[in-house]
Amino acid sequence: MANQEQDGYQPSTIEEKWQRRWEERGTNAFTTDELRSADQPFYNLMMFPYPSAEGLHVGNIYAFTGADVYGRYQRLRGRTVFEPIGFDAFGIHSENFALKVGTHPMDLIPSNVANFTRQLRRIGGMFDWTHTVDTTDPAYYEWTQWIFLQLYEAGLAERKEAPVNWCPSCMTVLANEQVGAGACERCGTPVEQRRIAQWFFKITEYAERLLDNLEELDWSETTRKAQANWIGRSEGAQLHFPVLDEQGANTDDTVEVYTTRPDTIFGATYMVLAPEHPLVDAVTRAGQAGAVDAYRVQARKKDLVARQKDDRTKTGVFTGGYCRNPATGRAVPVWVADYVLMDYGTGAIMAVPGHDERDFEFARTFDLPIVRVVAGPDENADTPLEEAYVGPGRLVNSGELDGTDVSESVSVATEWAAKQGWAEARVQYRLHDWCISRQRYWGPPIPIVHCPSCGAVPVPEDELPVVLPRVEDFKPDDTGVSPMARVESWYETSCPACGGDARRETDVSDTFLDSSWYFLRYPSTDFDDRPFDPEITKQWLPVDTYIGGNEHAVLHLMYARFITMVLKDLGHIDFEEPFTQFRAHGLIIAEGAKMSKSKGNVIVPDPIIEEYGADTFRTYLMFLGPFEEGGDYRAEGIQGPHGFLHRMWDTAVSADPSAPPDPEVERKVHQTIKQVSEQIPELGYNTAIAALMECLNSVRAGGRTAARAEVEPLVVMVAPFAPHMAEELWEQLGHEESIFDGAHWPSYDDAKLAEDTVTVAVQVNGKLRGSIDVPKDAPEPDVVAAARGDENVARHLEGAAERRVIYVKERLINFVVE
RNA sequence: GCCGGGGUGGCGAAAUGGUAUACGCAGGGGACUUAAAAUCCCCCGGGAGUAAUCCCAUGCGGGUUCGAUUCCCGCCCCCGGCACCA
């Protein structure tokens, strides 16, 4: 009698065994030659983690498991799957944590990476550990710097003094994208405005392409929408308003305004300049100069929080000056107000209080004239305006434009105005250039040398990397420059152009630059003389499937797309979209609430894996809910997948190797193959697992002994979720090779799917009154007759006048009666 | 305010025009066992009824349809993102 203990499912032993084997045999690793010669390459990418001191959290594991399931599935389908992983270890996260615990990031990161690596191995991902990437490794960031130089030489990187978002707590400049509601996204401190010389990448030059390409990408709708909103294309016109002198005559100055409603020009009764607008002084009259100055000072002090807070009470000041409305010929007063933003459009607007809510509110506050120029269907030119009217209608009080329907009035008005020489059609984007410099320590130094005679000079390629030196005092300060600016021995250098004394750029680059190209590096990590090998890149890129969090829907994904486009334009690669398919996973909550330390519902993965094994943990995570929506982790719920894998094990090891499959069971197996094969590619992991459970229940029904032929397809299908157990069972079923190399994803036979008899629901007036079993392919009259024969159905039909009989083949009959 | 995603048993959830509640958790009952674990079987949306059976139920209100969780119109609520972008 076999010892139960020995034969039972022992996750920890099995998992250790197979993890060791995968590595010893290099099952998941590729040599450069193998990468070159792969015949059905599948690049399965997941967003690489920032290696925090806390270790992998459940969100990471959820994402990686979901991606790994997909990769393993593709491999069982016969693809050569490259599934790399790496570490996004530069950046403010790491640096702030290092400051907090008083350990140098150069010491901290390696131990964090080691811990992450241990955990990643433990969850049984199919990672190619011979192709990892660490963004803080000079061998990696050498090429991050190279990319900077590529952009610089292409004229896509420029240094300019710009008003930037400054976080007084992190003491660094933040990209617009890192500011949420006027506060630092990291620490929540209100952001201030400062003017500092910064490096920018001209991503705005790519706005149109970034937007247009979205249409063709196989990305989830949410992500594409988020990107489209961020790019924020709008169509309108730029209008020229001549500035008037004291006598009311035109001067040489014009105020340029951008508007999406040039058709409302006749209702433009005043204008507003942003406080920072360069023409404010020119427009302001002597009598108002004091008031205008006072307002500007106040506006500057008001940080972005106050300017963007919910409290949007309009403030402003009259400059005393006027412009001419080019349509009406009338003088309109020019105001300064902070509801107009300098960094959008032209920083100046024509105010149309009748048809813009903000302008309406401002006009009410300061008692400025409000003119109706659009009349709705039930209104006329004189209908009083109680609020800004933005609905459909026709133009009124608009001279030659009167009567034009608003559906076409924008283009009509633009054309009309352009003909008179005071307007041009203009497309405007909300996207800003990408500020990539950071006045911090923990990042790749920007490879530029500032020379008193030559200006900014790029570091020659053969001198890369510009290595970030170990500096013990890396604390940022309030000076607006990087801590590296305190390290004379490092920044003092000679000019690569003239050889004279020069100074290195002391800023480092944004972490998003590190992550904007890492997927290009993975397959080429064996090369130290090039960022990515052309041949291998051609073979493996673009990425087939990218899985990650939607929090990176705009920033990371946009920057990666931008950098890829630039590299294409510069001839380094031959594709311009890096990720053919992108899927965002959902979020895991715990016990019905967001995980947080204070709620005490944070899921710590290690002990769970310890108790149940990685396979059970993986399967449970995938079973919680639809992968793209996330799910609610409940500790006791793991019992389901736990029991399932145990039963799977018992069934497989006790299967009869020679018994023929039972036809009923075989049908169920084929139905399951069909379902699972359809659901996995759609990331419907939860329903795929449910189908496997249901199938296993059939295989075991009544405590019968399964036939091996029934079980083998199940073992293969469960392999993406529980890879260790599947390997072990596969071996015990007598196979030599790894299941991921030797097995083929099972296929189903349509002939075996069909049932001999089908159950047909019988309704009377749409209400279920019975169900009948009829032979498959039974002719309709027979089925209808059988339905009438049902006792309960007959009762409901009795004495009623039949109007129609609806028959849906092999599904349902509906008697429509009166 | 705008853009997404949601709202179905005690709970996680399934079903994309055709038998609502698959699969699983929790709960109840039973079998095996000295006991426990594991395993197996049965019950499990609400109401009425001894039962057959009937009525009600997928956030709310309408509509289309023989038939609606699913499609259309109008609301309410929750989650995520954006937000004075002219």
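In what follows, every chain begins at residue 1, and chains take the letters A, B, ... in the order their sequences are listed.
- Of the candidates B/rA22, B/rC54, B/rA86, the closest approach to any side-chain atom of A/Ser234 belongs to B/rA86.
- Contact between the side-chain N/O atoms of A/Arg700 and the OP1/OP2 oxygens of B/rC40 is found at a separation under 4.0 Å.
- Aromatic ring pairs are classed by plane angle as parallel below 30°, tilted from 30° to 60° and perpendicular above 60°; the pair A/Phe721 and A/Tyr685 is perpendicular.
- Taking atom C1' in both B/rC77 and B/rC60, one finds a spacing of 10 Å when rounded to whole Å.
- The side chain of A/Glu694 lies closest to B/rC23 when the candidates are B/rC23, B/rA86, B/rC84.
- As judged by a 4.0 angstrom heavy-atom cut-off over every strand, A/Thr223 is placed among residues making no nucleic acid contact.
- On the P atoms, B/rU39 is 33 Å away from B/rA52, given to the nearest whole Å.
- A/Thr260 comes within 4.0 angstrom of sugar-phosphate atoms only, judged by non-hydrogen atoms across all strands, and of no base.
- Heavy atoms of A/Asn814 sit under 4.0 angstrom from at least one base atom.
- In terms of position along RNA chain B, the nucleotide closest to A/Glu636 lies nearer the 5' end than the nucleotide closest to the other residue of the pair A/Met350 and A/Glu636.
- Considering only side-chain N and O atoms, A/Tyr344 lies under 4.0 angstrom from the phosphate OP1 or OP2 of B/rA86.
- Between A/Arg769 and B/rC55 there is a side-chain N or O to OP1 or OP2 distance below 4.0 Å.
- Using a 4.0 Å heavy-atom cutoff across all strands shown, A/His796 reaches sugar-phosphate atoms only and no base atom.
- Atom P of nucleotide B/rU16 and atom CD of A/Gln679 are separated by 10 Å, given to the nearest angstrom.
- Taking the centre and axis of the six-membered ring of A/Tyr339, the NZ or CZ atom of A/Lys314 falls inside the cone set by 45° and 6.0 Å.
- Of the listed nucleotides (B/rA86, B/rG24, B/rU19), B/rG24 has the atom at the smallest distance from the side chain of A/Met693.
- Distances were taken from every side-chain heavy atom of A/Trp230 (C-beta onward) to each of B/rC82, B/rC84, B/rC40; the shortest belongs to B/rC82.
- Atom CG of A/Asp650 and atom C1' of B/rA37 are 14 Å apart (whole Å).
- At the phosphate of B/rG4, OP1 or OP2 sits under 4.0 Å from a side-chain N or O atom of A/Lys225.
- A salt bridge is absent between A/Glu361 and A/Arg364; no separation between the charged side-chain nitrogens and carboxylate oxygens falls under 4.0 Å.
- Of all heavy-atom pairs between A/Phe366 and A/Gly316, the closest is CZ-N, 3.6 Å.
- Close to B/rA86, at under 4.0 Å from its OP1 or OP2, lies no side-chain N or O of A/Arg261.
- In this structure, the nucleotide among B/rU19, B/rA86, B/rC40 sitting nearest to the side chain of A/Arg647 is B/rC40.
- Taking atom P on both B/rC71 and B/rC78, the two are 23 Å apart, rounded to the nearest angstrom.
- With distances taken from any side-chain atom of A/Leu341 to the nucleotides B/rC23, B/rA86, B/rG6, the minimum falls on B/rA86.
- Taking the P atom of each, B/rC73 and B/rA22 are spaced 32 Å apart, rounded to whole Å.
- In plain terms, the two heavy atoms of A/Ile772 and A/Ala787 that are nearest each other are CD1-N, 3.6 Å.
- Nucleotides B/rU21 and B/rG46 are separated by 13 Å at their C1' atoms, to the nearest Å.
- The gap from the P atom of B/rG45 to that of B/rC82 amounts to 43 Å, rounded to the nearest Å.
- At a threshold of 4.0 angstrom between heavy atoms, the contacts of A/Lys809 with the nucleic acid are absent.
- Look at A/Lys767 and you'll find a side-chain N or O under 4.0 angstrom from OP1 or OP2 of B/rC56.
- Map A/Gly631 and A/Glu791 each onto its nearest nucleotide of RNA chain B; the residue landing nearer the 5' end is A/Gly631.
- The side chain of A/Leu768 approaches B/rU19 more closely than any other nucleotide in the set B/rU19, B/rA26, B/rC84.
- Checked against B/rG5, B/rC66, B/rC54, the side chain of A/Val816 finds its nearest nucleotide in B/rC66.
- Within the 4.0 angstrom heavy-atom criterion, only backbone atoms of the sugar-phosphate kind lie near A/Leu624; the bases stay farther away.
- Looking at every heavy atom in both residues, A/Gly345 comes nearest to A/Arg426 through O-NH2, 3.8 Å.
- For the pair A/Arg561 and A/Trp434, the NZ or CZ position fails the cation-pi test of under 6.0 Å to the six-membered ring centre and within 45 degrees of the ring normal.
- No engagement by A/Phe644 is indicated, since no non-hydrogen atom pair under 4.0 Å with the nucleic acid exists.
- Taking atom P in both B/rG63 and B/rU58, one finds a spacing of 16 Å when rounded to whole Å.
- Note on A/Arg795: only backbone sugar-phosphate atoms sit closer than 4.0 angstrom, heavy atoms only; bases stay farther off.
- At the heavy-atom level, A/Glu221 lies nowhere under 4.0 Å from the strands shown.
- If you check B/rC40 for Watson-Crick or wobble pairing at under 3.5 angstrom, you find it paired to B/rG30.
- Per the geometry, OH belonging to A/Tyr633 stands 12 Å off C1' belonging to B/rC25, to the nearest Å.
- Here A/Arg804 reaches the OP1 or OP2 of B/rC66: one of its side-chain N or O atoms lies under 4.0 Å away.
- Proximity of a side-chain donor or acceptor of A/Ser398 to a complementary backbone N or O of A/Phe266 within less than 3.5 Å is not detected.
- For B/rG4, the paired nucleotide is B/rC79, the pair qualifying as Watson-Crick or G-U wobble because both relevant distances are below 3.5 Å.
- Residue A/Glu682 contributes atom CD, which lies 11 Å from atom P of B/rU16 at whole-angstrom precision.
- Counting to the nearest Å, the C1' atom of B/rG12 and the CD1 atom of A/Ile603 are 13 Å from each other.
- Across all strands shown, A/Arg430 has heavy atoms under 4.0 Å from base atoms, whether or not it also approaches the sugar-phosphate.
- The gap from the C1' atom of B/rG5 to that of B/rC55 amounts to 35 Å, rounded to the nearest Å.
- Residue-level contact check: A/Asn686 touches the backbone only, with heavy atoms under 4.0 Å from sugar-phosphate atoms and none from bases.
- Base orientation at B/rG9 is syn, since its O4'-C1' glycosidic dihedral falls within 90° of 0.
- If you check B/rC60 for Watson-Crick or wobble pairing at under 3.5 angstrom, you find it paired to B/rG74.
- Side-chain rings of A/Tyr62 and A/Phe627 approach one another, their centers coming within less than 6.0 Å.
- Looking at heavy-atom distances under 4.0 Å, A/Asp359 makes no contact with the nucleic acid at all.
- Going from atom CD of A/Gln763 over to atom P of B/rU65 covers 17 Å, rounded to whole Å.
- Ranking B/rU19, B/rG80, B/rA14 by closeness to the A/Thr759 side chain, first place goes to B/rU19.
- Residue A/Arg803 contributes atom CZ, which lies 14 Å from atom P of B/rG67 at whole-angstrom precision.
- Residues A/Gly549 and A/Phe582 come closest through the heavy atom pair O-CZ, 4.3 Å.
- In this structure, the CZ atom of A/Arg233 is 19 Å from the P atom of B/rC3, given to the nearest Å.
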